[in-house]
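All heavy atoms count here, side chains included; hydrogens, waters and symmetry mates do not. Chain naming here is simple, since letters A, B, ... match the order of the sequence lines and numbering starts at 1 in each. Treat the numbers as computed from the prediction; the structure is a model and nothing was measured.
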There are 2 protein chains.
Amino acid sequence: MPTETFLNLSEEKRQRFIEAALKEFADHNYDTASVNRIIKELGIARGSVYQYFTDKLDLWLYLKEYSEQQKMNVIQSVDRKAFTNFWDYYRALFTQGIHFDLQHPLCSRFLYRIGYKESSKEVSNYLDGWKSKAKLMFTHWVEEEKEAGTINPSIPTELAVHFLISMSTSITELLQNKYEVNFDENFKNGKPLIASNITEFQLAVNELIQLLAKALT
Amino acid sequence: MPTETFLNLSEEKRQRFIEAALKEFADHNYDTASVNRIIKELGIARGSVYQYFTDKLDLWLYLKEYSEQQKMNVIQSVDRKAFTNFWDYYRALFTQGIHFDLQHPLCSRFLYRIGYKESSKEVSNYLDGWKSKAKLMFTHWVEEEKEAGTINPSIPTELAVHFLISMSTSITELLQNKYEVNFDENFKNGKPLIASNITEFQLAVNELIQLLAKALT
DNA sequence: TACATTTGTGACAACCTTGTCACATATCCA
DNA sequence: TGGATATGTGACAAGGTTGTCACAAATGTA
């Protein structure tokens, strides 16, 4: 939890701080992320950080909550009821994912890291939340779609969920393979991961969903 | 490259060293892995390590090559020509993967880490090799199977390859979800990840391959 | 203006890391 | 046995890390 002092900061100061911290924790694992680099980047004193947060862990937890909230705000704008077809809904979720990446590139990269690259024992207790949440959501959907006839009931729910989640997360890698140069460039320049390849991304998503649908129907 | 001194070491000494080093680099990222912990575990002097290897990086590269070689030895025993059906071949590869994990648990965990969790800039130049190799192999297969009629030619090769690789690698996660407790136990005790769940693993693999086949046919 | 409160500072301690190197010990060979 | 070579040792330097704390500056308040 950030201190009163941090919350009392001017909007601009706070945002500048969050951005610098996010960048550090997006570029490095928890263990190798350095408070020194953050303050150097911001040009502030070491003590300030510890007047805002009790800990490195405290700061990390705040950034995690902050980023998840940002993502939630974007994702939850997609309403399941607005789609009759499950796969259309699924596709819409991906599209919102793109928008999130474009609007919050640092959050996006940070969440990607803590979701798939982080392995520090210091934070391992806090890594499960997101995934198990997603699992619950997908499980719910799969069971619904099994009844609705969209998903073959003979396929174990657990397997279908794994299939869907695993594909959702690996799409980034697919695009990295396809548009290698741009991804690296964007990362270096601190741009959103997807950047200008939106249409290609949409095409890849469509192809992928077709495969998923074929497998699970 | 290890020095003459290291290669001259007695088989037992060398193996003990490799195991301790593998354990350290399997449990920690490159940056946070500690030579101090390795020597403490082995009860040897700091200087010895630097008489065997010039560098921490040099040691890491050796362990990488060593582990990859171990895996190759196991995997290459599966001959494509021994199978008329591609999916049978694919299934056999998984089975060999189980054997590798059972016979070389440390190598298995180390390779898993450098394949999916590593993000240190120090070693980033050396991380691509394995993946691009796998991609080449899978690409070759997919193209063959397209001609043979096993895989639908209208599916882009890139997509099919991504599908296969992504599923191959995420199977571990599926099993972790299913048999959470056992996995944690095995990890703590330094046992192979899969251990006693071989039959369950085989079942999960079969189910998964059925889905893959359905999607790609 | 004068005082109280909040915010900012950076030297510092304590602890880690890697790689070195002069020295000690063990092993081999004649 | 004696001398050369190979192997083992651990204190050390140089650099990094986090969190602290007495103090300085800015801001709010009366």
Self-check item: Atom pair CG/CG of A:Leu164 and A:Leu216 - distance to nearest 0.5 Å
Solution: 5.5 Å
Quiz item: To the nearest 0.5 Å, how far apart are CZ in A:Phe138 and CD in A:Glu158?
Solution: 15.0 Å
Quiz item: Any idea how B:Tyr90 and B:Phe86 line up, ring-wise: parallel (<30°), tilted (30 to 60°), or perpendicular (>60°)?
Solution: parallel
Distances under 3.5 Å between protein N/O atoms and the N/O atoms of nucleotides 3-7 of chain C, please, pair by pair.
| residue | atom | partner | partner atom | Å |
| --- | --- | --- | --- | --- |
| C:dT7 | OP1 | A:Asn8 | ND2 | 3.4 |
| C:dT7 | OP2 | A:Thr5 | OG1 | 3.3 |

Quiz prompt | Distance flag, aromatic centroids of A:Trp141 and A:Tyr89, threshold under 6.0 Å | solution = yes
Quiz item: Is it true that B:Phe163 and A:Phe163 have ring centroids separated by less than 6.0 Å?
Solution: yes
d([atom1], [X]; [atom2], [N]) in whole Å:
{"X": "B:Glu122", "N": "C:dT18", "atom1": "CD", "atom2": "C1'", "result": "11 Å"}
{"X": "B:Asp31", "N": "D:dT17", "atom1": "CG", "atom2": "P", "result": "12 Å"}
{"X": "A:Ile44", "N": "C:dG10", "atom1": "CD1", "atom2": "C1'", "result": "12 Å"}
{"X": "B:Leu57", "N": "C:dT18", "atom1": "CG", "atom2": "C1'", "result": "13 Å"}
{"X": "A:Leu59", "N": "D:dG19", "atom1": "CG", "atom2": "P", "result": "10 Å"}
{"X": "A:Asp58", "N": "D:dT18", "atom1": "CG", "atom2": "P", "result": "14 Å"}
{"X": "B:Leu42", "N": "D:dT9", "atom1": "CG", "atom2": "C1'", "result": "15 Å"}
{"X": "B:Arg14", "N": "D:dA6", "atom1": "CZ", "atom2": "C1'", "result": "16 Å"}

Quiz item: Would you say A:Arg16's side chain and A:Leu42's backbone share a donor-acceptor pair under 3.5 angstrom?
Solution: yes
Practice problem: Report yes if a side-chain nitrogen or oxygen of A:Arg46 is closer than 4.0 Å to either non-bridging phosphate oxygen (OP1 or OP2) of C:dT9; otherwise report no. | Solution: no
Quiz prompt | Selection: residues 32-39 of chain A, any non-hydrogen atom under 4.0 Å of DNA chain C | solution = none
Quiz prompt | Sole residue of A:Tyr66, A:Tyr50, A:Tyr62 in ring pair (Phe, Tyr, Trp, His ring centres under 6.0 Å) with A:Phe6 | solution = A:Tyr62
Is any side-chain heavy atom of [Y] closer than 4.5 Å to one of [X]?
{"X": "B:His104", "Y": "B:Ser67", "result": "no"}
{"X": "B:Tyr52", "Y": "B:Asp58", "result": "no"}
{"X": "A:Glu207", "Y": "B:Pro156", "result": "yes"}

Practice problem: Go along nucleotides 24-30 of chain D 5' to 3' and tag each nucleotide: B for a protein heavy atom under 4.0 Å from its base, S when only backbone or sugar atoms are that close, - otherwise. | Solution: -------
Practice problem: Heavy atoms under 4.0 Å is the rule here; annotate nucleotides 21-30 of chain C 5' to 3' with B where the base is hit, S where only the sugar-phosphate is, and - elsewhere. | Solution: ----------
Quiz item: What residues form a ring-ring contact (aromatic ring centres under 6.0 Å, His included) with B:His28, not counting sequence neighbours?
Solution: none
Self-check item: side chain to side chain donor-acceptor pair (under 3.5 Å) partners for B:Gln51, two or more places apart
Solution: none
Practice problem: Report yes or no: do B:Asn29 and B:Ser120 form a side-chain donor-acceptor pair below 3.5 Å? | Solution: no
Quiz prompt | No-hydrogen, no-angle side-chain donor-acceptor test under 3.5 Å, A:Ser119 and A:Tyr30 | solution = no
Quiz item: If you check every side-chain atom of A:Lys56, which of C:dG8, D:dG8, D:dG19 has the closest atom?
Solution: D:dG19
